[in-house]
Amino acid sequence: MILAHKDDIPPESSKGFEHPSGKPIFIVHKDGGFYAYENRCPHLGIELNWLEDQFLDIENTLIQCATHGALFLPDSGECVAGPCIGQQLTAIPITLTESGDIVID
């Protein structure tokens, strides 16, 4: 299933989507790579964002939980600061096609 085209998510930004199963997910475009995760903090199971498509911290370097400020590495989903250090976001396997489509594997 095609989620988006790579041009829909500018570099150093993020965008929310709905997984075919109905779960909220998001994609981060960071350092030339695209990374998808379930929109759920491992600390309390709540969605990470308060504002639409706002999943990165103010410097656009780390994924941030808006509720408790937990910070996650964009390329692995590992929590590096906050109440869930050492836990990880649930990754969603995606592929970037030659035509630039981002598809769920």
Side-chain angles (χ1 to χ4, degrees):
M1 173 183 176
I2 297 174
L3 285 176
H5 189 271
K6 67 178 185 171
D7 295 338
D8 296 335
I9 309 169
E12 317 311 311
S13 72
S14 56
K15 187 168 180 67
F17 297 91
E18 186 174 305
H19 189 275
S21 69
K23 291 181 183 178
I25 64 173
F26 66 97
I27 297 175
V28 174
H29 184 183
K30 183 78 177 123
D31 298 329
F34 290 88
Y35 309 96
Y37 298 99
E38 188 176 322
N39 185 2
R40 187 179 60 78
C41 182
H43 176 225
L44 290 178
I46 57 176
E47 291 189 3
L48 294 165
N49 60 319
W50 277 343
L51 300 174
E52 185 176 0
D53 300 331
Q54 186 110 12
F55 295 93
L56 298 175
D57 64 3
I58 193 126
E59 292 89 19
N60 289 329
T61 51
L62 298 170
I63 298 166
Q64 182 174 29
C65 176
T67 302
H68 293 104
L71 297 171
F72 304 86
L73 298 175
D75 61 345
S76 68
E78 179 185 356
C79 182
V80 294
C84 52
I85 286 182
Q87 294 181 313
Q88 289 188 305
L89 298 172
T90 301
I92 304 296
I94 57 171
T95 299
L96 180 63
T97 67
E98 287 184 26
S99 63
D101 290 325
I102 300 170
V103 297
I104 292 179
D105 293 346

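Counting from 1, the numbers follow the sequence of the chain as shown. Since this is a predicted model, take the numbers as computed values, not measurements.
In this structure, Ser14 OG and His29 NE2 are separated by 12.0 Å, a value rounded to the nearest 0.5 Å. The structure places SG of Cys65 at 6.0 Å from CZ of Phe72, a figure rounded to the nearest 0.5 Å. Taking CD of Glu38 as the reference point, atom OG1 of Thr90 lies at 5.0 Å (rounded to 0.5 Å). The line from CZ of Phe55 to CG of Leu89 is 10.5 Å long, rounded to the nearest 0.5 Å.
With hydrogens and angles disregarded, a donor-acceptor distance shorter than 3.5 Å links the side chain of Asp53 to the backbone of Gly16. In terms of modelled atom types and a separation under 3.5 Å, the side chain of Thr95 and the main chain of Thr97 share no donor-acceptor contact. Proximity of a side-chain donor or acceptor of Asp101 to a complementary backbone N or O of Val103 within less than 3.5 Å is not detected.
With sequence neighbours excluded, no residue satisfies side-chain hydrogen bond (donor to acceptor under 3.5 Å, both in side chains) with Gln64. For Asp75, the salt bridge (charged side-chain N to carboxylate O under 4.0 Å, His left out) test picks out no residue, with sequence neighbours left out.
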Residues Ile9, Ile102; criterion side-chain contact (heavy atoms from CB on, under 4.5 Å); working and verdict: CA-CA 10 Å; Ile9 309 169; Ile102 300 170; 4.0 Å; yes

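In the hydrophobic cluster analysis, where Ile, Leu, Val, Met, Phe, Trp and Tyr join through side-chain heavy atoms closer than 4.5 angstrom, Ile25 is grouped together with Ile27. Linking ILVMFWY residues whenever their side-chain heavy atoms come closer than 4.5 Å, directly or via other members, places Ile94 and Phe17 in the same cluster. Phe34 and Ile92 fall within the same hydrophobic cluster, defined by Ile, Leu, Val, Met, Phe, Trp and Tyr side-chain heavy atoms under 4.5 Å apart, directly or through other members. A continuous path of hydrophobic side-chain contacts links Leu96 to Leu3 [ILVMFWY only; heavy atoms under 4.5 Å].
Side-chain contact between Ile63 and Leu73 is absent, with no heavy-atom pair separated by less than 4.5 Å. With contacts defined as side-chain heavy-atom distances shorter than 4.5 Å, the pair Ile104/His19 qualifies. Between Phe26 and Val28 there is a side-chain heavy-atom pair separated by less than 4.5 Å. Side-chain contact check for Leu62 versus Pro74: some heavy-atom pair is nearer than 4.5 Å. Looking only at side-chain heavy atoms (C-beta outward), Tyr37 and Leu48 stay at 4.5 Å or farther from each other. Residues Thr61 and Lys30 form a side-chain contact, since some pair of their non-hydrogen atoms from C-beta on lies under 4.5 Å apart. Side-chain atoms of Pro24 and Glu47, non-hydrogen and from C-beta on, do get closer than 4.5 Å to each other.
Using the six-membered ring where Trp is involved, His43 and His68 have ring planes that are perpendicular, over 60° apart on the 30 and 60° scheme.
Looking at Lys23 and Glu18, no side-chain N of the basic residue comes within less than 4.0 Å of a carboxylate O on the acidic one, giving no salt bridge.
Smallest separation of non-hydrogen atoms from Pro83 and Ala70: CD-CB, 4.1 Å. Considering every non-hydrogen atom in both Pro20 and Met1, the closest pair reads CG-SD, 3.1 Å.
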